[in-house]
Amino acid sequence: MNALNLPSPQGKPRIIVIGGGFGGLNFVDTLDTRQYQVVLLDQYNYHTFAPLLYQVATAGLDAPDICGALRKSFRHKRDFHFRMLRVRGIDDGTQQVHTEAGPIHYDHLVLATGTRANFFGNQNLETHTLPLKTVPDARKLRNHIFQTLERADMTDDPAEKASLMTFLIVGGGPSGVEIAGALSELRRHVLQRDYPDTDTMQLRFILVDGGEELLAQFSDKSSKDAHRNLDEMHIELWFNKLIADYDGRVATFKDGSTLATHTVIWGAGVTGSIIEGLQERSAQKGHYNIDDRMRVQGYNNVYAIGDVTYLTSDKWLKGHPGVAQVAIQMGKRLAKNFNAIAKGKPTAGFVYHDKGNLAIIGRNRAVADLPRNIHFHGVIAWFIWAFVHIFYLIGWRNRLFTFLSWVGNYITYNRAVRLVIEPTLEEELTEAHAATAGSGVG
Ligand SMILES: Cc1cc2nc3c(=O)[nH]c(=O)nc-3n(C[C@H](O)[C@H](O)[C@H](O)COP(=O)(O)OP(=O)(O)OC[C@H]3O[C@@H](n4cnc5c(N)ncnc54)[C@H](O)[C@@H]3O)c2cc1C
């Protein structure tokens, strides 16, 4: 078989990996490809360093700074093959994955597809809110933020201006906190100077959460530090409030209250990117059930790693957290097990080594929960955060460019990339004008 111009595996087992995120990348990197042929499939031809997506969305970094080309990452690896494809389905009977370019046969399948935004079945929220899961999402959000500011700058209708200048961020987890902090810094250091005809201190950034605290999965100290910092940065914090609907102009909450806003940023929930075709019992609540060898329930040759999995242990009774370190360590462990099997050696179960949690809130403001209950906040946590993120970025070019951008932003209080690269402002203004003319308002 020579589907998709793939060479024959020459008697070696073929492993198909779906997803070049943290899990897939570390699996391929660790796998001994003298023993296996590996085929990596991803809908994008790059790896995304998701923890820095919020900086792309808020003009701190450019998209290429946080992406690594997948072919380049493994060009020195023998019998490694990449195909840029979205997998549509799996046939476990014939052992094939289905793509728009045709089927590919596997001996072993590794599912590393991560998660996607979960709108809990609400079509309006899916259509009108702005999620932050992918590079296209981040670029769309950046375009939206700066176009909304342009519109706010040119309207003299007070209600329209207020709605354009109100930004609602849904979800008080790390993403919501980081976006809120970055928007506040943008307002303080950049927008005041860029928009002299608008009182940018009237910009409202509201962070809403259904629970009672920020960063619920962090320590109590970090949660309180984040709260205090965002208060000081004039972010409005709304707790115990759930969004029920949003039509693109008005957000409605479960308690019946409403908010006029042109921007709702969605950081409220995710669900695993499950691919159709495996037995029903293999997945539950949007995640693949796996054992400690990362085998998907019901299979001996289908594995899953990272965010898309559900695995409990004595320490992680409710499942492992959806963080990069879990995906990285699962990817490495699974590849080591494959390497061991090829050498006739025993395999080992997955044990997660928790390295802690980090979140940045703003300039010199961050929180760090490290192992042994060690907690840092402020400048020290900010330096730990910066060091860890530079260290884990893919490639020296990205590390260097990101470091230089941060130093530049730090010294000049500036944001380099506040450009609207794909403008839709003209269409938006025409639509808005037509709506106003239609309502008879002059
Ligand atoms: C905005 C944001 C901020 C975050 N911040 C942090 C942080 O500060 N610290 C931290 O530890 N974690 C953070 N995370 C979580 C972290 O990014 C995830 O835990 C990690 O990416 C999981 O790795 P993964 O390999 O399981 O999935 P991913 O990295 O999501 O990779 C999945 C890959 O699968 C591909 N894919 C999916 N479906 C298909 C398909 N059908 N066909 C082909 N390809 C497919 C996708 O294109 C993607 O490349 C953040 C996540 C987000 C979104």
Side-chain angles (χ1 to χ4, degrees), residues 16-28 39-58 66-68 70 82-90 97-101 104 109-118 130-138 141 169 171 173-179 182 215 217-218 265-277 287-288 290 294 304-309 320-332 334 352 354-360 366-369 384-385 388-389 392 394:
I16 293 187
V17 183
I18 310 176
F22 285 98
L25 210 66
N26 281 279
F27 173 82
V28 174
V39 179
L40 176 62
L41 307 176
D42 199 298
Q43 57 202 326
Y44 302 113
N45 72 343
Y46 53 84
H47 164 82
T48 303
F49 191 82
L52 291 179
L53 275 173
Y54 86 96
Q55 292 222 354
V56 176
T58 54
I66 66 158
C67 297
L70 290 168
F82 174 74
R83 295 293 180 269
M84 185 176 152
L85 288 168
R86 181 172 175 75
V87 176
R88 306 273 174 196
I90 302 167
V97 296
H98 291 283
T99 72
E100 58 267 41
I104 319 175
L109 179 62
V110 177
L111 302 159
T113 45
T115 52
R116 55 187 167 76
N118 187 2
L130 294 151
L132 186 62
K133 282 294 295 171
T134 62
V135 170
D137 287 346
L141 180 53
I169 303 145
S175 296
V177 166
E178 289 178 347
I179 293 173
L215 302 179
Q217 63 276 57
F218 283 56
I265 301 171
W266 188 253
V270 291
T271 184
S273 300
I274 297 289
I275 299 177
E276 293 286 303
H287 291 87
Y288 291 110
I290 58 166
M294 287 153 283
I305 53 178
D307 274 13
V308 75
T309 63
H320 287 71
V323 294
Q325 272 303 325
V326 170
I328 291 170
Q329 293 178 32
M330 279 188 173
K332 287 185 176 165
L334 181 60
Y352 175 47
D354 187 2
K355 297 190 176 174
N357 283 318
L358 298 168
I360 187 167
V367 289
D369 289 337
I384 298 174
W385 179 93
V388 167
H389 283 73
Y392 277 103
I394 304 289

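Source: prediction; values computed, not measured. Both counts, for ligands and for their atoms, begin at 1 and track the order of listing.
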Exam field: side chain Asp42 to backbone Gly20, donor-acceptor pair closer than 3.5 Å: yes

Geometry only, no angles: is Gly19 polar-contacting ligand 1 at N/O separations under 3.5 Å? no

Out of Val56, Asn45, Val87, indicate the one that has the non-hydrogen atom closest to atom 41 (N) of ligand 1. Val87

Tell me the nearest of Gly331, Gly23, Gly20 to atom 25 (O) of ligand 1, using heavy-atom distances. Gly23

Got an N/O contact under 3.5 Å between Ala324 and ligand 1? yes

Contact check, Pro174 vs ligand 1, heavy-atom distance below 4.0 Å: no

Which residue holds the protein heavy atom closest to atom 36 (N) of ligand 1, what is that atom called, and what is the gap in Å? Gln43 NE2, 3.3 Å

Counting only nitrogen or oxygen atoms and a 3.5 angstrom limit, does Gly322 reach ligand 1? yes

Which of the atoms in ligand 1, numbered in the order shown and given with their element, are less than 4.0 Å from a heavy-atom of Leu85? 42 (N), 43 (C)

Close aromatic pair by centroid cut-off 6.0 Å: Phe22 and Phe49: yes

Atoms of ligand 1, numbered as shown, that sit under 4.0 Å from any heavy atom of Asp307: 18 (C), 19 (O), 20 (C), 22 (C), 26 (O)

Check if Val308 has a non-hydrogen atom at a distance under 4.0 Å from any atom of ligand 1. no

Interatomic distance, CG@Asp369 vs CZ@Phe218, rounded to 0.5 Å, equals 6.5 Å

Mark the output for Tyr44 as yes if a heavy-atom distance to ligand 1 is under 4.0 Å, and as no if none is. yes

Write out the residue and atom name of the closest protein heavy atom to atom 20 (C) of ligand 1, then the distance separating them to 0.1 Å. Phe22 CD1, 3.5 Å

Of the protein's non-hydrogen atoms, which lies at the shortest distance from atom 31 (O) of ligand 1, and what is that distance? Gly21 CA, 3.2 Å

Can you tell me the protein heavy atom closest to atom 49 (O) of ligand 1 and the distance? Asp42 OD2, 2.6 Å

Counting only heavy atoms not in Glu100, do more than 12 fall under 6.0 Å of its CD? yes

Please determine if Thr115 has a nitrogen or oxygen closer than 3.5 Å to a nitrogen or oxygen of ligand 1. no

Give me the residue, atom name and distance of the protein heavy atom closest to atom 37 (C) of ligand 1. Thr113 O, 3.2 Å

Examine ligand 1 and decide if any of its atoms is less than 4.0 Å from a heavy atom belonging to Val270. no

Would you kindly specify which portion of Val326 sits under 4.0 Å from ligand 1, judged on non-hydrogen atoms: side chain, backbone, both or neither? neither

Say whether Leu132, considering both its backbone and side-chain N or O atoms, lies within less than 3.5 Å of an N or O atom on ligand 1. no

Under 4.0 Å from atom 11 (O) of ligand 1, is there any protein heavy atom? yes

Any idea which atoms of ligand 1 are less than 4.0 Å away from a heavy-atom of Ala112? 32 (C), 33 (C), 34 (O)

Run the numbers for me: atoms of ligand 1, each under 4.0 Å from some heavy atom of Ser175, listed by number. 1 (C), 2 (C), 3 (C)

Donor-acceptor contact present, side-chain Thr309 to main-chain Ile305, <3.5 Å: no

Regarding atom 5 (N) of ligand 1: of the candidates Gly306, Gly176, Ala359, Pro51, which has the closest heavy atom? Pro51

Got the closest protein heavy atom to atom 51 (C) of ligand 1, with its distance? Ala50 CB, 3.7 Å

Under 3.5 Å, N or O to N or O, is Tyr46 touching ligand 1 that way? no

Are any of the N/O atoms on Lys133, whether in the backbone or the side chain, positioned under 3.5 angstrom from an N/O atom of ligand 1? no

Provide, to 0.1 Å, the distance between atom 27 (O) of ligand 1 and the closest protein heavy atom, together with that atom's residue and name. Gly114 CA, 3.3 Å

What part of Ala327, side chain, backbone, both or neither, has a heavy atom within less than 4.0 angstrom of ligand 1? side chain

